[in-house]
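Working notes, beginning with the structure itself.
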Amino acid sequence: MSVGLQRLREEPEAIRKGALDKGEDPSLVDAALDADARRRALQGEGDVLRAERNAVSKSIGESIKGGARPDGTEVAEFRARSTVIGERLGAIDAELAEVEAQVEDLLLRIPNPAEPDIPVGGEESNVTIRTWGEQLPRTMPLHGEVGADAPSDGDTWDRRPHWDVAEHLGMIDLARGAKIAGSGFPVYKGAGSALQRALIMWFLDVHTRENGFTEIWPPIVVNQASARGTGQIPDKEDQMYVVTRDDLYLVPTAEVPVTNLHRDEILDADELPIRYAAYTPCFRREAGAAGKDTRGILRVHQFDKVEMVLFEKPEASAEALEWMTGVAEDLLRRLGLAYRVLLMATREMGFTQARKYDLEVWAPGVERWLEVSSCSNFKDFQSRRMAVRFRPEPGAKPELVHTLNGSGLALARIVAAILETYQRPDGSVDVPAPLRPYMGIDWIPGPA
RNA sequence: GGAGAGGUCGCCUAGUGGACUAUGGCGCCGCACUGGAAAUGCGGUUCGCGGCAACGCGUCGAGGGUUCGAAUCCCUCCCUCUCCGCCA
């Protein structure tokens with residue numbers, strides 16, 4: 001599972017380093033190898049005994065057929081032997097089951113090593129690959145257009161943070177969201193709701209009409225096997241909302257249901273690549289992030305996202321990651337939002353990723369870069385957990401596919417960036433060009 | 001939620017305790033026939049684990065049990081279909 005025993009045996013040092021670089025426990029590698037060695041020994045022992053018992057059982061059948069009496073001494077002797085073998089086998093099988101569970105558990109906790117060229121380290125080691133657009137300043141000169149209530153000293157005006165704009169325009173109601181569900185569950189209303197809807201529809205339309213994605217509208221709860229398949233369990237279990245009564249998890253991203261679409265399947269080579277785009281709400285407990293980004297909609301428990309999910313042949317996955325990242329970037333350019341692309345350092349990557357690019361947009365009101373997309377190649381890490389394989393040639397042995405996914409895009413922070421980038425001195429907001437047909441307006445006016 | 005019928009290899013299908021070492025067909029792969037193909041014939045074709053290999057073991061929705069031995073019998077669960085109830 002996960003990293004794969006074969007690779008673990010062949011290059012344990014690389015896997016240990018991979019764990020260390022991601023800040024995980026490298027000793028799991030040796031524990032897993034030890035447990036696996038024991039597993040193999042036990043299985044060998046058990047197999048021999050089983051072969052013996054099969055032979056004895058068969059002899060009983062043959063003896064009876066050959067005329068021996070079922071309750072005769074010959075048959076009784078066979079039975080006694082089989083019973084003895086069965087007892088030994090019972091003990092070995094019990095131990096084997098225990099060791100197997102141990103191996104599996106250990107393997108599930110070993111992270112996917114980052115690719116060799118990924119910078120080792122934390123946030124400070126991320127590499128900015130490229131940037132696009134103008135990084136607007138918060139304070140802007142006034143060009144004659146005097147905003148009615150713009151905070152201004154006469155010649156300049158300051159952009160408001162998105163929560164201020166949203167409140168002013170009646171687009172988001174955080175207080176009532178907190179009342180009906182809790183803090184971090186925003187209510188979008190009026191133009192705010194329409195903007196959400198416009199973004200979702202436009203994203204999906206671009207993916208399906210221009211980029212060859214198949215649209216998926218999946219369940220937003222998943223069972224345990226699915227959560228384990230993409231790697232949320234056991235690594236990120238405490239970040240998910242759990243419906244304990246029915247043993248279901250609220251999805252933290254469409255990645256989970258959509259990638260699991262092909263769990264336990266063998267695909268034909270000519271089906272690949274498979275490209276899915278799916279909109280879902282996303283639910284995250286954000287445990288351990290209390291007190292971080294508490295204002296506005298930068299960090300919330302429920303947000304909306306369109307996700308791209310790819311199934312690729314191994315040799316094509318590296319290029320597919322670049323392509324998919326480009327698709328997400330294209331959306332940002334067409335929205336006219338300044339952004340930068342980061343190659344994430346090892347400790348900034350997730351447990352499951354071999355390579356990850358983050359896209360961050362510039363939000364001039366809060367003067368921060370906001371992560372709006374994360375595009376990753378998992379290579380065969382998820383597909384091994386999920387047993388998603390393909391047959392390279394008709395009649396050939398199945399091989400693991402590579403899976404990738406990327407946001408295209410995450411809504412809440414895009415909305416924040418739009419409200420801050422497109423606001424006018426009077427607090428009203430222009431609608432980015434691609435969204436105008438969907439919203440039916442090109443400008444969100446202030447309150448009358 | 002209640003009652004019933006089912007879940008076997010990519011698909012369809014046979015199989016009610018020992019010859020199941022799981023049929024047969026479709027599809028697929030190889031070979032033969034052919035100028036080439038079609039048709040036909042012969043052979044192969046679940047997946048996983050262990051083993052250099054020969055081969056062994058497991059795998060009939062999942063997990064337990066009965067038995068010397070389980071696709072087959074028993075129990076629990078999951079899923080699909082039909083009817084009933086409820087319902088957006």
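No experiment lies behind these values; they were computed from the predicted model shown. Lettering of chains follows the sequences in order, A, B, ..., and the numbering in each one begins at 1.
- If you take atom P in B:C81 and the same atom in B:C73, they sit 24 Å apart, rounded to whole Å.
- Base pairing of B:A19: no nucleotide in any strand meets the Watson-Crick or G-U wobble criterion (both distances under 3.5 Å).
- Backbone-only contact: A:N54 has heavy atoms under 4.0 Å from sugar-phosphate atoms and none from a base.
- Ring centroid separation for the pair A:H262 and A:F311 comes in under the 6.0 Å cut-off.
- Pair check for B:C60 finds none; no Watson-Crick or G-U wobble contact set falls under 3.5 Å.
- You'll find the ring centres of A:W323 and A:Y357 outside the 6.0 Å limit.
- Look at B:G6: its Watson-Crick or wobble partner, with both distances under 3.5 angstrom, is B:C79.
- Rounded to a whole angstrom, the distance from the P atom of B:G25 to that of B:C42 is 10 Å.
- Using a 4.0 Å heavy-atom criterion, one finds that A:R81 contacts no nucleic acid atom at all.
- Look at B:C73: its Watson-Crick or wobble partner, with both distances under 3.5 angstrom, is B:G65.
- Using a 4.0 Å heavy-atom distance criterion, A:R38 is classed as making no nucleic acid contact.
- A 4.0 Å heavy-atom criterion places the boundary nucleotides of RNA chain B facing chain A at B:G18 to B:G69, written 5' to 3'.
- Distance noted for atom C1' between B:C86 and B:C28: 48 Å (whole Å).
- With C1' as the reference atom, B:A5 and B:C87 are 25 Å apart, rounded to whole Å.
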